[in-house]
Amino acid sequence: MLNMAVLLSGTGRTLDNFHEKIGQGLLKARIRVVVSNQQSALGLEKARKYGYPAFHAEGNDAINAILKKHEVDLVCLAGFLKLYVPPAHLRRSVLNIHPSLIPAFCGAGFYGMRVHQAVKARGVKVSGCTVHFANEEYDEGPIIVQKCVPLAGQDTAEEIAAKVFAAECEAYPEAINLVAEKGIDFFWSRQEAAAG
Ligand code: GAR
């Protein structure tokens with residue numbers, strides 16, 4: 001079973017989902033530690049309420065010093081809004097969820113509601129979410145799971161966000177279970193082989 005660290009900056013809705021899915025036996029992983037770069041993040045409060053070790057730490061070094069003290073195989077970014085640089089041994093073990101179908105509406109500056117506002121403005125007919133391994137660039141690295149949601153012309157950005165988040169709640173646990181089943185190298189070697 002994979003041991004997860006969860007990194008967040010905000011409300012911790014993804015942490016809620018992990019906690020719930022673990023309780024239901026639908027996510028076969030353990031949350032070992034939760035870290036936020038925001039001291040007042042609601043997600044940190046939730047983590048403590050759930051009984052997970054939870055810490056505030058700002059830079060990569062401080063975060064990595066905390067991770068070192070816990071058993072961690074996989075770092076799951078859960079609305080973590082800074083570029084995270086893991087220690088060398090976890091370089092290929094960082095997962096991120098992005099609220100669009102990468103490579104659309106992604107990259108620096110595209111996060112949270114900004115994504116859904118851009119989706120609304122462009123008038124696309126489908127959006128969705130992407131769970132992928134993170135590398136040193138925003139929203140790159142091998143894709144593990146994507147889920148589409150159909151959009152109606154009259155959907156507001158808030159309605160799009162709600163539809164996409166419902167898809168995220170299925171996609172992220174599914175992706176972690178897939179990594180547990182196939183192993184981390186499976187996904188990286190597939191991308192490297194495709195790149196020649
Ligand atoms: C995640 O669910 C994801 O959609 C988005 O932030 C949400 C977490 O928000 N992540 C990104 O945009 C990363 N580029 P929360 O703080 O409300 O839990």
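Computed from a predicted model, the values in this text were never measured in an experiment. For ligands, and for the atoms within them, numbers begin at 1 and follow the listed sequence.
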Under 3.5 Å donor-acceptor pairs involving side-chain atoms of residues 101-108, not counting sequence neighbours:
none

Practice problem: Compare all side-chain heavy atoms of Leu7 with those of Tyr84 and state whether any distance is below 4.5 angstrom. | Solution: yes
Distance-only check: which donor-acceptor pairs under 3.5 Å involve side-chain atoms of residues 109-117, not counting sequence neighbours?
from   : atom 1 : to     : atom 2 : distance (Å)
Tyr111 : OH     : Arg114 : NE     : 3.3
Tyr111 : OH     : Arg114 : NH2    : 3.3

Exercise. With a 4.0 angstrom cut-off on heavy atoms, strictly below it, pick out the residues next to ligand 1 and order them by chain and number.
Key: Gly10, Thr11, Gly12, Arg13, Thr14, Gly79, Ile97, His98, Pro99, Phe110, Tyr111, Gly112, Phe165, Glu168
Quiz item: Any salt bridge between Lys28 and Glu181, counting N to O under 4.0 Å?
Solution: no
Quiz item: Which salt bridge (charged side-chain N to carboxylate O under 4.0 Å, His left out) pairs, counting each pair once, include a residue from residues 151-166, with sequence neighbours left out?
Solution: Asp155-Lys163
Quiz prompt | Polar side chain donor-acceptor pair, Gln38 to Ser9, under 3.5 angstrom | solution = no
